[in-house]
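Here is the structure we will look at, set down as structure tokens.
The figures here come from the full heavy-atom set of this structure, side chains too, leaving out hydrogens, waters and symmetry mates. Every chain is numbered from 1 and lettered A, B, ... according to where its sequence line falls, protein lines coming before strand lines.
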Amino acid sequence: MTAAAADPMVPVPFRIHKIRRELPDTVTMEIAPCSPAPFTFAAGQFNMLTAFGVGEIPISISGDPGDGTKVVHTTRAVGAVSRALDRLTVGQVVGVRGPFGTPWPVEDAFGHDLMLVAGGVGLAPLRPALYHALAERRRFSRVIVLYGARTPKDMLFRREIERWRGRFDLDVDVTVDRADPSWQGNVGVVTKLISRARFDPYATMAFVCGPEIMMRHVATALAGHGIAEDRIHLSMERNMKCGCGLCGHCQWGPHFVCKDGPVFRYDRIRPLLSIREI
Amino acid sequence: MLDGPLSDGATHALEPRDLDRLIAALRGRGYRVIGPRLGEDAVVYDDIAGTADLPAGWGDEQEGGFYRLRRRDDGALFGYTLAPQSWKRVLHPPRQRIFALSTGAEEVEMAPADPPDAPMALIGVRACELAAIDIQAEVFAEIDPGYVRRRESSLVVAVECAESAATCFCASRGDGPAVTGGFDIRLVEVVRDGRHLFLARVGSVVGADILAGLTCPEADPADLAFAADRLGRVAASQTRALDDSAGRKLGDFALHARWDEVAGRCLACGNCTMVCPTCFCTSVEDTTDLAGTRVERWRHWDSCFTLDFSYLHGGAVRPGAASRYRQWITHKLATWHDQFGRSGCVGCGRCITWCPVGIDITEEVRAIVPDENER
Amino acid sequence: MVAQHDLGPVIDDHPFFRGIDGKLRALLVGCAANERFDAGAFLTREGEPANKFYLIRAGQVAVEIDAPGRRPIIIETLGEGDVTGWSWIVEPYRSTFDVRATSLVRVISFDGKCLRGKMDTDPALGYEVMQRFVRMMAHRLAGARLQLLDLYGPHPGAGRREREA
């Protein structure tokens, strides 16, 4: 008989140390284990977060993978659990299981251009990849961030985006779906930013995160600009209840999105993207 | 238990009273003994105290959407084919508590984990069911310590089938009817010439130890020959078949018109997933007491046929019965290979029997995947 | 001001006509002019005759629609490498939206009537120009459809990363 392994379904209590409201329905919280324990993750992974007594949901980690002192999550209040998380205050406790899932292959882009394409709150799961890239900035040629938001007011991490725009070693371009004339920036779909970006399609790794429709069109556009399909990565989303391939809910063709993803290579999933209700 | 293979030993002949002694010995060793008995107009697997609890003289008839107990003209204890409930019920219980805790305003105290249950002795496990247990053990390895513990502490007394139901197709899957491994003790029931015997072989050290304690005589070679001959006839009598290579191709037919046709019959009731011995999907649910300070999380069986199963903020990814049936059968027969290295179907036929409208998995595959031999 | 005969290389460099056959490009040059607009100036106004279209060489324009009682809505912004205006080729040749320069804008403008005439008499030119406009319009339409979906909005099925049941 083998020794009983730790049950991956049992959460660990983490305390909330800091909360920052990003948007009316979106908050970022910094948490750390109640009993000190190391927590390491790779950009693109997610945790299962429990609001005790309400339930548990998968939330991607939005902080710096190089910072071992805290775990950062950005949540948008849309359902019972995320609304409960939204109401929590500093000092309260959440349950954490994780990290789960495949990471963005940041280091595979060493020596190449790295392009991050985000839509809406899809910027949150991509931010750790950018932190990772900036920590090793000299290993890349260009680092490009393309971001599409609903309106200027709905931009996530806006002040940070403005800081990134001010850097000489980052190409940041932003577009919104709708704006009034007080907005000096771009209006239009995020795919338009790709045509304007400067990158070497033969030596670019692209990471895409946003609503699935947006990712499908962005991936098509990236491939149309000459980036090989095996150098495009998407972060997929399905109903995830366990995080470890146990519950079966997130199945998508042969994949468990929770453990075979959420980050997938485009060439491996392209056929599935066009099948309805798969 | 499965503490390693044994060299081929002799086959012993047990009489019904020896089987009683076997059950008593298992109970004496601290096992919770679970086996077949009658309940709710069917054979169910439940706690048994001795052979008196077994469904003596009962068999069954099965067809698509049809199950009836029927009287046998002999007193066979294992004369039924397959019960609706599989061993999944005891090894992967329908409801399990994951944790309990108490919460204050700023504190959370986890209650200690439940102590493990007593080890179980499973009596009457058929070949296809052993294959199904192996499949679930592969699914749950490393991620469900509870399953691993229950499986590893269980003792398996397998019983080889003496007949096939009309819905059986284990022979075409390579998962039966012969019991070839994965057991502690294997029994073959023989009722003939006024004698009632169980030809017993051991498959583990524990099994050997228990059987040695019964000091039964070696089996008559004529009975062994009879059993071997009968096993061949059990396999040959199966009229249904499901070709593994055809099932594997289902993923290539995601847009086939048959999915809409089968959706016209499928009630999306999920019976097939409940009776399937390998279906493993679960969901979790949090509960609190009225004060909100005592919190529990329960894991319970779920089915890919429910609308909520694929829920993604705002709606189901698979709203139609066509896509849900497609998900179930494609996972079972095709993508299971990608995930776990073999198909998730052992040919037990329960999904056919217990489908209220008799949808037949073997027929659906034939309707969707062209037969290579006919092209 | 660049003389008209110098516009050929500029047209060649612009993505919209990149790779066009030299003979056809020579026909284009005859209808082309260099123009600039200060920030705030309008290139076209909704309802006015659409006499021209513009290849943007530098700067940004906003395609806008005015709404009484509220600020105009920017439907799309266009910049270097883009083309603006297709009403010159669609009867009754009137602009559908306002196009306003949001910065100093330098363009090559094309006289629509001049070019239509040449396209009528030279179907090879007509096909070439139409092909490029249809490609651009298809991209714009696809983009407009995605914008319509309000993909990043809060309503069900549009959000992201809130994988909650």
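- Proximity to chain A (any heavy atom under 4.5 Å) is shown, for B:P116, by neither the backbone nor the side chain.
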Chi angles and distances behind the side-chain contact (heavy atoms from CB on, under 4.5 Å) call for A:R15, B:E107: CA-CA 9 Å; A:R15 194 175 305 284; B:E107 292 308 324; 3.2 Å; yes
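- For chain B, the nearby part of A:I275 is the side chain; its heavy atoms alone come within less than 4.5 Å.
- Residues A:M9 and B:D144 form no side-chain contact, since every pair of their non-hydrogen atoms from C-beta on lies 4.5 Å or further apart.
- Open room surrounds NE2 on A:H217; 12 or fewer heavy atoms of other groups in view lie less than 6.0 Å from it.
- Across all non-hydrogen atoms, the minimal contact from A:E277 to B:R326 is O-NH2, 3.2 Å.
- Surrounding CZ of B:R97 are more than 12 heavy atoms belonging to other residues, nucleotides or ligands, all under 6.0 Å away.
- Options B:G146, B:S283, B:G292 differ in how many heavy-atom pairs under 4.5 Å they form with chain A, and the most are formed by B:S283.
- Between chain A and the residues B:D302, B:T293, B:T287, B:T330, the most heavy-atom pairs under 4.5 angstrom are made by B:D302.
- Heavy-atom distances place the side chain of B:R297, and not its backbone, under 4.5 Å from chain A.
- Residue B:D117 qualifies as open at atom CG: its count of foreign heavy atoms under 6.0 Å is 12 or below.
- The minimum heavy-atom distance linking B:R299 with A:L246 is given by the pair NH2-CD1, 3.4 Å.
- Proximity to chain B involves both the backbone and the side chain of A:I278, based on heavy atoms less than 4.5 angstrom apart.
- Heavy atoms closer than 4.5 Å to chain A are found nowhere in B:Y147, neither backbone nor side chain.
- Using a 4.5 Å cut-off between heavy atoms, B:H337 does not touch chain A at all.
- Of the inter-residue distances, the one linking A:Q251 atom CD with B:T335 atom OG1 reads 6.0 Å to the nearest 0.5 angstrom.
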Under the criterion side-chain contact (heavy atoms from CB on, under 4.5 Å), I'd like the reasoning laid out for A:N239 against B:S310: C-alpha separation, chi angles, the key distance, then a yes or no. CA-CA 6 Å; A:N239 188 3; B:S310 62; 5.6 Å; no
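- Here the OG-CZ distance, from B:S102 to A:F52, works out to 10.5 Å after rounding to the nearest 0.5 Å.
- Top candidate by heavy-atom pairs under 4.5 Å with chain A, chosen from B:C304, B:P319, B:A322, B:G104, is B:P319.
- Residue B:F280 touches chain A through both its backbone and its side chain, counting heavy-atom pairs closer than 4.5 Å.
- Of all the heavy atoms in A:G248 and B:C281, the pair that sits closest is CA-SG, 3.6 Å.
- Contact annotation for A:V12: neither backbone nor side-chain heavy atoms come within less than 4.5 Å of a heavy atom of chain B.
- Counting heavy-atom pairs closer than 4.5 Å to chain A, the top-ranked of the candidates B:D289, B:V139, B:L101 is B:L101.
- Note: B:T282 leads B:T282, B:V295, B:D338 in heavy-atom pairs under 4.5 Å with chain A.
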Applying side-chain contact (heavy atoms from CB on, under 4.5 Å) to B:M110 and A:V10, what does each step give before you reach the verdict? CA-CA 10 Å; B:M110 303 289 288; A:V10 178; 3.5 Å; yes
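- By the 6.0 Å contact criterion, CZ on A:R276 is open, its count of non-hydrogen atoms from other residues, nucleotides or ligands being 12 or less.
- Looking at B:T103 and A:V93, their side chains never come closer than 4.5 Å, going by heavy atoms from C-beta outward.
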Start with the C-alpha distance between B:D286 and A:E56, add both sets of side-chain angles, then the distance that settles side-chain contact (heavy atoms from CB on, under 4.5 Å), and finish with yes or no. CA-CA 8 Å; B:D286 284 20; A:E56 188 182 50; 5.6 Å; no
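- Considering CE of A:M240 and CG of B:L312, their distance stands at 9.0 Å, rounded to 0.5 Å.
- Neither the backbone nor the side chain of B:R294 comes within contact range of chain A; no heavy atom of the residue lies under 4.5 Å from a heavy atom of that chain.
- Ring planes of A:H249 and B:F309: parallel class, angle under 30° (limits at 30 and 60°).
- Only the side chain of B:T288 comes within contact range of chain A, with heavy atoms under 4.5 Å apart.
- No part of A:P271 comes within reach of chain B, as not one of its non-hydrogen atoms sits under 4.5 angstrom from that chain.
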